Number of protein chains: 2
Amino acid sequence: MQDAINTWQDVQREVLGRIQNRVWKPGDIIPNEVDLAKEFGCARATVNRALQAVADSGLLDRRRKAGTRVAVNPVRKATLEIPIIRQEIEQRGQHYQYALIEQQVTDPQADMQAMMKLSDGQQLLHLKALHLADGLPHVYEDRWINISTVPEIVAVDWQQNNANEWLVAHAPFSDGDIAFSAGAAGAVEAEILNVPLNTAVFIIERSTWMMQQSITRVRLTYAPGHRLHTTI
Amino acid sequence: MQDAINTWQDVQREVLGRIQNRVWKPGDIIPNEVDLAKEFGCARATVNRALQAVADSGLLDRRRKAGTRVAVNPVRKATLEIPIIRQEIEQRGQHYQYALIEQQVTDPQADMQAMMKLSDGQQLLHLKALHLADGLPHVYEDRWINISTVPEIVAVDWQQNNANEWLVAHAPFSDGDIAFSAGAAGAVEAEILNVPLNTAVFIIERSTWMMQQSITRVRLTYAPGHRLHTTI
DNA sequence: AGATTTATTATGTGCAGACATATAAATATT
DNA sequence: AATATTTATATGTCTGCACATAATAAATCT
């Protein structure tokens, strides 16, 4: 028995401490909730809450009956927030501007048709736009929107509205996938972002879906220097 | 009143449904926990658990006294797993190899001391290593380890052990931060990765901590073509 | 009117007890 | 020996209750 470890945060701290100090080593099974509750002088529910939090972060593996053990190869999960570009810019105290570059209704090319899992005949709205921070190019947005899924889009004035925001508000998605990579700026991107040809640029490609129906696919090419930051 | 909505997952489903169907619109304040518990026919604790989960996912904003409201700009969160490099490579069916390039105990430079929040006099172990997939350079690892936090490291043979794996097994961390960016390969990196100078490369920089104590900071420079992929 | 204190209210969290559920381990069956 | 069944156990979660805490709204005092 020891001094009050009452709150689940206290318990979490204590547990993390024991893992770090190797009182409990990777692979070790730790005492069960009832015993820990007794030792800490708190309710089992409190221990449970704490252990669940630590397990969520990947440092503990828990299985019914088998007990709780310190993860051997903790697979760390980083959660990164996908902000709306305007917010991202304004949050840094910079002035946001948006400029439509091109707008066109097209039949999809084969690769795009595959990536967006389109049926034959489904058309896309293709938008090219630039987001600026304090007047400087920040990110070039190359976007395809599935007209079948979001028919209202054809009526929208994309000079005034930007797809990044409009879609969040009007076309909720159930799931999607994102890929991050680095690439060399091609002729088009280099000119739009106003950087030398082949400059290293950060690229995000994102597709979103609502119940198997593709909504949109976007390729964001960031101006040099952009960092995507998050905590584990 | 309606059919049993007893489990917190049930409540979560119901809440998500109402948000999706715009019964509760963005910005709307939703009924308080006591009322919802009454409506669903369950305990307030259950409603609380569910609402906390939804709030965690970013779809609800909660504040004491002010109540719970539907997020106006739902910040989507992607969780991406940080695999051990060996696993990442072997999972693709490729052969994994590791090569130590350089190993050195140093006093930190000012910027590194700041980034790792080191006290004066704390020394670092600096490791440079290359991870290969099927014999080809995959990622160049440039790592600093805090000797004060992990004193055992000085005794480790880094020809045989790779820090990426050794640390997860021996020095678990409670939190950290990650940054993703694109950069141009410098002379050192270009040679090690065997690519032309200024090739666009994907860079991950990661610092990890255990209870305010810095453990390590690593800069991973990936060979061209690397993509980091995840789902929302 | 404006500033300061007090009350009110919704969420945050703790507790004890109960039952549910997954599953490892023991036992019985083929 | 291999397979099916039972049992024991650790975690998962619900309930009702209590009190803590943050933050707004109301009341009070300059």
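Lettering follows sequence order; numbering is per chain, from 1. Note that this is a predicted model, so its numbers are computed, not measured.
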Fill in: Sugar-phosphate, base or nothing in reach of A:A45, heavy atoms under 4.0 Å
nothing
Worksheet item: If you measure from CZ on A:F180 to CG on A:L220, what distance do you get to the nearest 0.5 Å?
Response: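 If we round to the nearest 0.5 Å, A:F180:CZ and A:L220:CG are 10.0 Å apart.
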Worksheet item: OP1, OP2 of D:dT13 versus side-chain N and O of B:Q9: anything below 4.0 Å?
Response: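 Yes, because at least one side-chain N or O of B:Q9 sits under 4.0 Å from OP1 or OP2 of D:dT13.
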Worksheet item: Are any of B:T46's side-chain N or O atoms less than 4.0 Å away from OP1 or OP2 of D:dT13?
Response: no
Item to complete: Identify, with sequence neighbours excluded, every residue that meets side-chain hydrogen bond (donor to acceptor under 3.5 Å, both in side chains) alongside B:E33.
Response: B:R44, B:N48, B:R62
Item to complete: Apply ring-ring contact (aromatic ring centres under 6.0 Å, His included) to B:H95 and list each qualifying residue two or more places apart in sequence or on a separate chain.
Response: none
Worksheet entry | B:Y96: ring-ring contact (aromatic ring centres under 6.0 Å, His included) partners, not counting sequence neighbours | B:H131
Worksheet item: Take atom CD in B:Q109; do more than 12 heavy atoms of anything else shown fall under 6.0 Å from it?
Response: no
Practice prompt. Walking along DNA chain C from 5' to 3', note the first and the last nucleotide with an atom under 4.0 Å from a heavy atom of chain A, and give both.
Written response: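 First and last nucleotides in contact are C:dT13 to C:dA24.
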For residues 202-210 of chain B, dump all side-chain donor-acceptor pairs below 3.5 Å to protein atoms at least two apart in sequence or in another chain.
| residue | atom | partner | partner atom | Å |
| --- | --- | --- | --- | --- |
| B:E205 | OE1 | A:R227 | NH1 | 2.7 |
| B:E205 | OE1 | A:R227 | NH2 | 3.4 |
| B:E205 | OE2 | B:R219 | NH1 | 3.2 |
| B:S207 | OG | B:R217 | NH1 | 2.8 |

Worksheet, complete the sentence: In 5'-to-3' order, the base (B), backbone-only (S) or no-contact (-) status of each nucleotide in nucleotides 4-11 of chain D, using a 4.0 angstrom heavy-atom cut-off, is ----BBBB
Discussion item. Measuring only between side-chain heavy atoms, which start at C-beta, is A:H138 closer than 4.5 Å to A:I89?
Written reply: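 SC-SC contact between A:H138 and A:I89 confirmed.
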Discussion item. Are the side chains of B:I30 and B:V70 in contact, using a 4.5 Å heavy-atom criterion?
Written reply: yes
Worksheet item: Rounded to whole angstrom units, what separation is found between the CD atom of B:Q12 and the P atom of D:dT13?
Response: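 Nearest whole value for this atom pair: 11 Å.
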